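Here it is, the structure in full.
Quick caveat: nothing in here was measured; it's all calculated off a predicted structure.
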Amino acid sequence: MSSAPTRLSGFMEHPIVQAPMAGGASCPELVGAVSEAGGLGFLAAGYKTPDAMYEEIKHVRGLTQRAFGVNVFMPQPGNSDPAAVEVYRAQLTGEASWYETELGETGHGTDDAYEAKLAILFDDPVPIVSFTFGCPTRGVLERFTKRGTYTVVTVTSVAEAQVAEWCGADALCVQGIEAGGHQSTHRDDPQEDGTGSGLGLLTLLTQVTEAVPLPVIAAGGLMRGSQIAAVLAAGATAAQLGTAFLVCPESGADPVHKKAMTNPLFVRTELTRAFSGRPARGLVNRFLREHGRYAPAAYPEVHHLTAGLRKAAAKAQDPQGMALWAGQGHRLAREMPAGRLVETLVAELVAAREEPAKGGGPG
């Protein structure tokens with residue numbers, strides 16, 4: 001087993017990380033292209049079977065010799081209210097009729113095959129493993145260290161960052177409220193819905209870097225090299241971008257989802273439980289408007305409940321019934337090959353860093 005870099009920056013030529021996007025966008029072709037271009041590509045193990053995760057790992061290894069990562073969902077507590085889920089099921093019967101499909105069963109368990117995925121990653125290690133929706137135990141992180149795997153825990157608060165440090169994480173992914181897809185809070189508290197308690201990336205990044213002495217990947221709404229320069233200046237080691245890479249041709253996202261990113265019909269994003277039962281940022285469409293306020297705090301039960309609806313809407317090429325996960329910067333998305341996007345972001349980063357050095361300019 002080859003020795004792994006001991007510094008986060010050692011895994012990439014450029015400080016650009018492609019976010020792990022569960023649901024298909026972070027496919028091996030996208031991961032390989034980003035890593036080959038000098039960034040750090042990430043597979044998303046969430047919602048996949050352990051075997052499917054391992055097949056994707058082997059696929060990426062065939063596409064690049066460079067480092068890449070795998071993101072794993074932490075097990076959920078399983079304390080959702082079954083009655084609330086059934087009420088939501090009843091509300092969605094009209095959607096099922098409209099899309100001529102069945103609502104999903106919700107008894108799939110809440111651990112996303114966590115232990116089986118860890119067993120594979122221990123047995124055949126990858127360079128980096130990151131975690132979403134919580135922090136592994138100190139024992140798990142120590143075992144990854146012994147296997148030569150660098151570990152990253154996604155956090156949304158200083159308290160979560162401190163827990164990750166105590167448990168032995170090598171680095172943090174600090175996720176601001178601007179980020180698309182699920183908020184990676186370690187505890188899903190429905191009492192905080194709509195309170196505006198989530199922090200923007202720059203504020204959260206500064207708080208975390210001043211409280212915890214671990215390397216940081218900054219995530220949330222980043223779409224341009226100048227924004228990457230800003231988070232690096234604020235203390236991050238690298239920037240993580242999801243929505244920016246979602247529209248690349250290598251991305252496995254549905255073409256309807258890709259087109260929606262810059263469709264003027266979709267003017268804003270919102271955090272919603274409508275599709276999964278956990279707060280996630282997506283484009284505001286009909287489904288979100290009609291059902292978001294009624295969706296219970298029940299993840300992953302609601303995710304499984306709506307799975308058939310989302311697939312049927314995609315098959316019908318109807319963006320109004322799909323989970324169009326997107327960060328706040330979605331209108332800045334640029335459709336270009338992933339390798340060229342990395343090159344473009346690097347050029348913008350260099351230009352942003354050089355501009356202040358020139359001085360002067362109009363007042």
### Message
Looking at every non-hydrogen atom in both residues, tell me the closest pair between Ala211 and Val158 and how far apart they are.
### Response
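The answer is CB-CG1, 3.7 Å.
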### Query
Among His108, His182, His303, whose ring pair (Phe, Tyr, Trp, His ring centres under 6.0 Å) with Tyr47 holds?
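Going through His108, His182, His303 one by one, the ring pair (Phe, Tyr, Trp, His ring centres under 6.0 Å) with Tyr47 is satisfied by His303 alone.
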### Query
So, Ser80 and Glu301: side-chain donor and acceptor under 3.5 Å apart, yes or no?
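Ser80 vs Glu301: donor-acceptor pair found between side chains.
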#### Entry: Pairing residues for Lys48 by the salt bridge (charged side-chain N to carboxylate O under 4.0 Å, His left out) criterion, not counting sequence neighbours
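Applying salt bridge (charged side-chain N to carboxylate O under 4.0 Å, His left out) to Lys48 gives Glu56.
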### Task
Examine distances only and state if a side-chain atom of Lys258 and a backbone atom of Ser251 form a donor-acceptor pair shorter than 3.5 Å.
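Here the side-chain-to-backbone pair exists.
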### Within-4.5 Å side-chain heavy-atom neighbours: Arg278 and Pro300
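A side-chain contact under 4.5 Å is absent here.
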### Phe266 and His330 aromatic centres sub-6.0 Å
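Ring centres of His330 and Phe266 not closer than 6.0 Å.
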### Task
Sequence neighbours left out, what passes ring-ring contact (aromatic ring centres under 6.0 Å, His included) with Phe287? Give chain and number order.
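Listed in chain order: Phe275, His291.
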### Message
Please enumerate all residues that pass salt bridge (charged side-chain N to carboxylate O under 4.0 Å, His left out) together with Glu290, with sequence neighbours excluded.
### Response
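Listed in chain order: Arg286.
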### Query
Side chains of Glu36 and Thr64: is there a donor and an acceptor less than 3.5 Å apart?
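Yes, side-chain donor-acceptor contact under 3.5 Å.
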### Residue Gln91 excluded, over 12 heavy atoms near CD under 6.0 Å
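Enclosed: over 12 neighbouring heavy atoms sit under 6.0 Å from CD of Gln91.
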### Message
Among Thr49, Asp112, Asp51, Asp111, which residue satisfies the side chain to side chain donor-acceptor pair (under 3.5 Å) criterion with Lys117?
### Response
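By the side chain to side chain donor-acceptor pair (under 3.5 Å) criterion, Lys117 pairs with just one of Thr49, Asp112, Asp51, Asp111: Asp112.
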### Query
Which pairs with one or both residues in residues 192-215 pass salt bridge (Lys or Arg N to Asp or Glu O under 4.0 Å), sequence neighbours excluded?
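Listed by first then second residue: Asp193-Arg273.
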### Query
Are Tyr54 and Asp124 linked by a side-chain donor-acceptor pair shorter than 3.5 Å?
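Tyr54 vs Asp124: donor-acceptor pair found between side chains.
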#### Entry: Sequence-distant partners of Glu270, salt bridge (charged side-chain N to carboxylate O under 4.0 Å, His left out), two or more places apart
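Salt bridge (charged side-chain N to carboxylate O under 4.0 Å, His left out) check on Glu270 returns Arg268.
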### Aromatic contact, Phe42 with Phe68 (centres under 6.0 Å)
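Judged by ring-centre distance (under 6.0 Å), Phe42 and Phe68 do not meet the cut-off.
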### Query
Do any pairs count as a salt bridge (Lys or Arg N to Asp or Glu O under 4.0 Å) and have a residue in residues 13-29, sequence neighbours left out, and if so which ones?
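Residue pairs with at least one partner in residues 13-29: Glu13-Arg66.
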